[in-house]
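Predicted model, so just to flag it, every value in this text is computed and none were measured.
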Amino acid sequence: MYAASASPLLIQTRLRERFRSVRKDSVIVPLRTDEDVVHLRKQVRERALAIKLSLIDQTKLVTAASELARNTIKYGGGGEVQLELLDDGMRDGVALLFVDGGPGIPDLDLALTDGYTSGGGLGLGLSGSRRLVDEFEIDTRVGEGMAVSVAKWKR
């Protein structure tokens, strides 16, 4: 699911509320440098291990987190990610909310197309990340920024 609808502040508030009722733990990690991406990968792996995600699901989640973090830095000019442990009473999960105040995405459908790139990469960041997680939501507004929310649940 994705929508082009609200400013980053509204996006951030709406998407942060999305998992409020099932949130067990939450931490915010700044995203400004490559070192921040390395730190985030470590944090995501630790939480994935804590809820006993399979090695395959750990790898998928860490890969998606890395891609989205790099996009936040490269295209959004930096931002932050909120990392959450989830428990809905039947299963555990890990959710990530990436937020930046960058230029936003003018054509979201095109940006989510495999192979599309505006920066010379392989064009698999957004579309690839969407395939790697169980839940994916993106909100963007040109000139104001974007937010991407993803979640991976233990099977």
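Using a 4.5 Å cut-off on side-chain heavy atoms (C-beta onward), I138 and L108 make contact. With contacts defined as side-chain heavy-atom distances shorter than 4.5 Å, the pair K152/K60 qualifies. Residues V81 and L97 are not in side-chain contact: their nearest non-hydrogen atoms beyond the backbone lie 4.5 Å or more apart. The side-chain heavy atoms of D100 and F98, taken from C-beta on, include no pair separated by under 4.5 Å.
Nearest heavy atoms, S127 versus L112: CB-O, 3.3 Å. Across all their heavy atoms, P103 and G76 have their closest contact at CD-CA, 4.3 Å. A147 approaches V99 most closely through the heavy-atom pair CB-CG2, 4.0 Å. Taking each heavy atom of G79 and T72 in turn, the nearest pair found is N-CG2, 3.8 Å. Scanning both residues, A95 and L86, for their nearest heavy atoms gives CB-CD1, 3.6 Å.
Following chains of ILVMFWY side-chain contacts shorter than 4.5 Å, one can reach V148 starting from V27, so the two form part of one hydrophobic cluster. Put simply, L49 and L85 are part of two different groups of oily side chains (I, L, V, M, F, W, Y) that touch within less than 4.5 Å, one to the next.
Remark: R47 CZ to K42 NZ distance equals 9.5 Å, nearest 0.5 Å. With rounding to the nearest 0.5 Å, the separation of CD1 in I105 from CZ in R141 is 14.0 Å. Residue D34 holds its CG atom at 11.0 Å from NZ of K74, rounded to the nearest 0.5 Å.
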Inset, instruction - Run the numbers on Y75 and L126 for side chain to side chain contact (heavy atoms under 4.5 Å, CB included), then give the verdict. - result: CA-CA 12 Å; Y75 301 109; L126 285 177; over 6 Å; no
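Residues satisfying the side chain to side chain contact (heavy atoms under 4.5 Å, CB included) test with A64, not counting sequence neighbours, are S129, L132, V133. Under the side chain to side chain contact (heavy atoms under 4.5 Å, CB included) criterion, V37 pairs with R41, S66, A69, R70, I73, not counting sequence neighbours.
Without hydrogens or angle criteria, D134 side chain to W153 main chain gives a donor-acceptor distance under 3.5 Å. Side chain of T140 to backbone of G104: no donor-acceptor contact under 3.5 angstrom is found. Distance alone, capped at 3.5 Å, is enough to place a donor-acceptor pair between the Q58 side chain and the L53 backbone.
Ion pairing between K52 and D57 fails under the 4.0 Å rule for side-chain N and carboxylate O. In this structure, D92 does not pair ionically with K154, as no charged nitrogen and carboxylate oxygen lie closer than 4.0 Å.
Among L68, V150, V29, the single residue meeting the side chain to side chain contact (heavy atoms under 4.5 Å, CB included) criterion with L96 is V150.
Side-chain contact of Q82 with E84: a donor-acceptor pair under 3.5 Å is present, judged by distance alone.
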